[in-house]
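None of these values were measured; they are calculated from a predicted model. Every chain is numbered from 1, with letters handed out A, B, ... down the list of sequences.
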There are 2 protein chains.
Amino acid sequence: MKIERLSAKAEDYLETILRLSETLRGARTGDIAEALNVQPPTVSAALKSLTEQGLVDYTPYGAVGLTPKGRQLAEDVAGRHVALRRFFTDTLGMSQEDAEHAACGMEHDATPLVLDRMALLGDFLRTHPGMMEKWKAMRETARGERAPGVESSLKELPPGVRGVVMSVDVADSLRKRLVEMGVTPGVLIAVERVAPLGDPIAVEVRGYRLSMRKAEAARIRVKWRPGLI
Amino acid sequence: MKIERLSAKAEDYLETILRLSETLRGARTGDIAEALNVQPPTVSAALKSLTEQGLVDYTPYGAVGLTPKGRQLAEDVAGRHVALRRFFTDTLGMSQEDAEHAACGMEHDATPLVLDRMALLGDFLRTHPGMMEKWKAMRETARGERAPGVESSLKELPPGVRGVVMSVDVADSLRKRLVEMGVTPGVLIAVERVAPLGDPIAVEVRGYRLSMRKAEAARIRVKWRPGLI
DNA sequence: TCCAATTGTTTGAGTGCTTAAACAATATCC
DNA sequence: GGATATTGTTTAAGCACTCAAACAATTGGA
């Protein structure tokens with residue numbers, strides 16, 4: 001019996017099954033498919049493979065459960081996930097949504113030592129009176145003064161921070177509207193605010209305010225610039 | 001021209017080519033294969049695919065170079081890599097080796113906001129006089145008092161911290177020796193020190209001291225326990 | 001009870017990544 | 001210059017993951 005490292009995908013399946021099997025419905029093929037953004041046949045295949053590896057308990061058309069070994073691995077992954085998310089929200093001051101998104105990708109490769117030190121650093125900041133306030137204040141004042149040369153999509157530009165448009169790679173219909181508004185390479189742009197549900201987002205450029213979908217903002221590359229809007 | 005997110009593997013290839021092409025030898029198939037721990041034919045196939053995507057400049061049997069687009073992406077990845085490694089060493093106080101290892105896996109999924117906040121947090125600690133010393137002191141005293149329930153392989157147990165053996169999954173020859181030494185589930189164990197080159201490592205158990213390879217330590221699961229050796 | 005509607009699986013196919021074995025080009029040495 | 005060693009590529013194959021289309025089981029009414 002080998003302890004081969006599971007693939008990131010396999011870990012995703014186990015983690016999802018663990019979460020769903022704690023609900024009343026239980027973990028059903030369709031729900032797993034929806035949670036992982038794949039089609040049901042993909043889940044059937046994955047379930048077959050995981051069953052052969054002795055990680056899930058599963059009979060076709062029946063409910064999906066975890067074996068002790070599978071549960072152990074699933075709880076490992078889930079533990080890394082929450083540890084990262086807590087660090088991102090509680091210590092780095094990120095939003096729930098941003099933290100969740102980042103944790104999803106990094107949970108598969110975070111090492112125990114990294115997670116341990118992250119948790120410890122959070123404790124350090126919280127147990128020293130006044131330190132968290134100072135750190136929060138620094139985050140506020142530093143908005144827009146950050147990392148010269150950081151480049152990302154417009155979607156990932158923190159609200160209030162300015163960026164220079166590097167490239168626009170959207171469909172023609174939207175592109176036309178953007179060009180009319182002046183969203184062309186070289187121009188300063190900023191995200192004003194994000195709607196409660198995360199979509200659409202309000203963008204400011206040359207004094208105009210326009211709104212666009214996150215999917216669209218993801219196609220616009222920007223370089224972060226000092227200064228708030 | 002779409003900006004599909006590259007796979008982690010593709011990012012690895014680009015990053016490696018960037019690093020190697022800065023050397024005198026240049027990026028050669030065999031060197032890339034060795035750096036990424038794959039066989040040469042795998043690299044040939046990857047190079048073909050990356051060429052079709054317009055990311056590398058490559059003629060069979062010739063030197064491998066990056067296109068502007070490929071170089072851009074490679075530098076993005078390399079930037080995430082060093083940002084993470086710096087945070088792990090300079091702020092979390094991890095060793096170069098541990099930091100490098102952890103950064104390798106996480107670089108593909110770290111978001112710009114995460115990297116930015118990590119860098120800012122490092123600046124925060126360094127710019128407040130005395131804070132780094134306090135934080136370092138806390139790391140020292142906290143060794144062994146950490147995260148109840150954290151489980152990892154023996155290889156990942158920080159030196160000096162005690163752990164309880166959960167399972168031993170090694171070949172029979174070593175297993176026999178380990179059992180004689182008393183390395184069985186339930187017993188307390190600790191890593192005493194790691195050889196300069198990282199292998200072998202000195203392990204302490206029931207007062208005995210034995211040395212084993214990292215590959216072997218990776219097969220022993222432990223749960224971290226309070227208290228130093 | 002039986003017939004839709006829903007849900008899940010199988011099939012067939014494709015992509016990405018990997019390898020061993022066979023083959024081809026390049027480099028090196030005499 | 002030619003034989004040999006090194007290096008790189010092609011081929012054939014396998015595994016993990018994915019999907020659309022076709023098919024099968026289950027569920028929930030009427």
Side-chain angles (χ1 to χ4, degrees), chain A residues 2-17 20-21 23-65 70 73-74 77 104-105 107-109, chain B residues 2-17 20-21 23-65 70 73-74 77 104-105 107-109:
Chain A
K2 288 185 191 170
I3 304 196
E4 308 262 336
R5 240 283 290 79
L6 287 180
S7 72
K9 299 291 181 181
E11 286 192 347
D12 283 337
Y13 280 106
L14 290 181
E15 193 185 10
T16 303
I17 292 166
L20 290 176
S21 60
T23 66
L24 274 181
R25 275 173 74 80
R28 305 183 50 169
T29 302
D31 297 338
I32 299 171
E34 194 186 347
L36 292 176
N37 247 302
V38 296
Q39 297 303 312
T42 309
V43 177
S44 284
L47 253 25
K48 187 158 167 274
S49 159
L50 291 171
T51 301
E52 280 162 7
Q53 292 172 72
L55 300 174
V56 310
D57 228 345
Y58 157 73
T59 43
Y61 296 101
V64 183
L73 289 168
V77 183
C104 265
E107 66 189 353
H108 306 295
D109 296 289
Chain B
K2 287 186 191 170
I3 304 197
E4 306 261 336
R5 240 256 319 74
L6 286 179
S7 72
K9 301 290 182 184
E11 286 191 347
D12 283 337
Y13 280 106
L14 290 181
E15 193 185 9
T16 302
I17 292 166
L20 290 176
S21 60
T23 67
L24 273 181
R25 273 173 75 80
R28 305 183 49 169
T29 302
D31 297 338
I32 300 171
E34 194 185 348
L36 292 177
N37 245 301
V38 294
Q39 298 302 313
T42 310
V43 177
S44 284
L47 253 26
K48 187 158 168 274
S49 161
L50 291 170
T51 301
E52 280 163 7
Q53 292 172 72
L55 300 174
V56 310
D57 228 344
Y58 157 73
T59 44
Y61 296 100
V64 183
L73 290 168
V77 184
C104 264
E107 66 190 351
H108 305 295
D109 295 289

Starting from P on D:dC17, measure out to CG on A:Asn37 and report it in whole angstrom.
17 Å

Trace of the salt bridge (charged side-chain N to carboxylate O under 4.0 Å, His left out) decision for B:Arg5 with B:Glu11:
CA-CA 10 Å; B:Arg5 240 256 319 74; B:Glu11 286 191 347; 3.6 Å; yes

Should B:Tyr58 be listed as having a side-chain N or O under 4.0 Å from OP1 or OP2 of D:dT9?
yes

Measure CD/A:Glu52 against P/D:dA16 and give the value in whole Å, please.
9 Å

Let me know the distance between CD of B:Glu34 and P of D:dG8, rounded to the nearest Å.
11 Å

Looking for any heavy atom pair under 4.0 Å, which part of the strands does B:Pro41 touch: base, sugar-phosphate only, or nothing?
base

Rounded to whole angstrom units, what separation is found between the CG atom of A:Asp31 and the P atom of C:dT6?
16 Å

Judged by each residue's nearest nucleotide on DNA chain C, which is more toward the 5′ side, B:Arg28 or B:Val38?
B:Val38

Base, sugar-phosphate or nothing for B:Thr42? Non-hydrogen atoms, less than 4.0 Å.
base

Among D:dT10, C:dT9, C:dA25, the nucleotide that comes nearest once only the side chain of A:Pro60 is considered
C:dT9

Compare every heavy atom of B:Thr23 with every heavy atom of B:Leu20, then report the nearest pair and how far apart it is.
O-OG1, 2.6 Å

Rounded to whole Å, the CG-P distance (B:Leu47 to D:dT9) equals 7 Å

Establish, with yes or no, whether the OP1 or OP2 oxygen of C:dT9 is under 4.0 angstrom from a side-chain nitrogen or oxygen of A:Thr29.
yes

Would you tell me if any nitrogen or oxygen in the side chain of B:Lys9 comes within less than 4.0 Å of OP1 or OP2 on C:dT18?
yes

Whole Å only: how far is the CD atom of A:Gln39 from the P atom of C:dT7?
14 Å

Mind calculating the distance between CD1 (A:Ile32) and C1' (C:dT9) to the nearest angstrom?
14 Å

Return whichever of A:Tyr61 or B:Thr59 has its heavy-atom-nearest nucleotide of DNA chain D closer to the 5' end.
B:Thr59

Categorize A:Pro40 for me: base, sugar-phosphate, or nothing, with a 4.0 angstrom heavy-atom threshold over every strand shown.
base

Write down the distance between CG (B:Leu36) and C1' (C:dC17), rounded to a whole number of angstrom.
12 Å

So do the side chains of B:Val64 and B:Tyr13 get within less than 4.5 Å of each other, counting heavy atoms only?
no

Can you tell me if B:Tyr13 touches the phosphate of C:dT18, counting only side-chain N or O atoms and a distance under 4.0 Å to OP1 or OP2?
yes

Can you spot which of B:Val77, B:Leu14, B:Asp12 makes a side-chain contact (heavy atoms from CB on, under 4.5 Å) with B:Leu6?
B:Leu14

Please report the interatomic distance CG(A:Leu36) to OG1(A:Thr16), rounded to the nearest 0.5 Å.
3.5 Å

Report which part of the nucleic acid B:Ser49 touches: base, sugar-phosphate, or nothing (heavy-atom distance under 4.0 Å, all strands).
nothing

